[in-house]
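Here's the structure we're looking at; comments come further down.
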Amino acid sequence: MQKYWVYIMSNKTRTVLYIGVTNDLYRRYQEHRNEVIEGFTKKYRCHDLLYFEEYSLVSQAICREKEIKGWVRAKKDLLIMSKNPRKVNLAEEWFS
């Protein structure tokens, strides 16, 4: 069964947030970390995975991504804090 993730990346100072959807969280994290793709996350050095949610349907993941993107920053921060109160890079534990 295919899985999909909505995830939030940030820069070192936690001042910038990037919200995305992927079907391979490990690969996507590595792409952000290694600045493989031009754009927002490369420009703002969003290398740290702060939050993620798993879905079985891509349509659900895309809907959730759009929902979170529409929130004010404070609400996004509360979502991150609900699962990652120290705002650590969750991927460091998995992929190191």
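A salt bridge does not link R14 to D77: none of the charged nitrogens lies less than 4.0 Å from a carboxylate oxygen. With salt bridges taken as basic N to acidic carboxylate O contacts below 4.0 Å, one links D48 and R33.
If you take CZ on F40 and NE2 on H32, they are separated by 10.5 Å, rounding to the nearest 0.5 Å. Atom CD of residue E54 and atom OH of residue Y4 lie 11.5 Å apart, to the nearest 0.5 angstrom. In this structure, F52 CZ and T22 OG1 are separated by 13.0 Å, a value rounded to the nearest 0.5 Å. Atom CD of Q30 sits about 13.0 Å away from atom CD of E35, to the nearest 0.5 Å. To the nearest 0.5 Å, the span separating OH on Y18 from OG1 on T41 amounts to 6.0 Å. Interatomic distance, OG of S56 versus CE of M1, reported as 5.0 Å (0.5 Å rounding).
Heavy atoms from other residues, nucleotides or ligands lying under 6.0 Å from NZ of K69 number more than 12. Around the NZ atom of K3, the shell of radius 6.0 Å holds no more than 12 heavy atoms that belong to other residues, nucleotides or ligands.
Put simply, the side chain of K87 reaches to within 4.5 Å of the side chain of M81, judged on heavy atoms. Taking 4.5 Å as the limit, some side-chain heavy atom of R28 sits within range of a side-chain heavy atom of I37.
A pairwise comparison of heavy atoms in K76 and I68 identifies CE-O, 3.1 Å as the closest pair. Between L50 and V88, the shortest heavy-atom distance links the atoms CD2-O, 3.6 Å.
Checked options T15, L17, V16; the residue passing with Y44 is V16 (criterion: side chain to side chain contact (heavy atoms under 4.5 Å, CB included)). The only option from L49, I8, L90 that meets the side chain to side chain contact (heavy atoms under 4.5 Å, CB included) definition with N84 turns out to be L90.
The cluster map of Ile, Leu, Val, Met, Phe, Trp and Tyr, joined by side-chain heavy atoms under 4.5 Å apart, puts L79 and V21 in the same cluster. Linking Ile, Leu, Val, Met, Phe, Trp and Tyr whenever their side-chain heavy atoms come within less than 4.5 Å leaves Y7 and I80 in two separate clusters. Hydrophobic clustering of Ile, Leu, Val, Met, Phe, Trp and Tyr side chains at less than 4.5 Å, counting indirect connections, keeps L78 apart from W71.
No hydrogens or angles considered: a donor-acceptor pair under 3.5 Å links the side chains of E53 and Y55. Checking Y29 against N89 by side-chain atom types alone, a donor-acceptor pair falls below 3.5 Å.
The main-chain N or O of R45 is never found under 3.5 Å from a side-chain atom of N11 such that the two would form a donor-acceptor pair.
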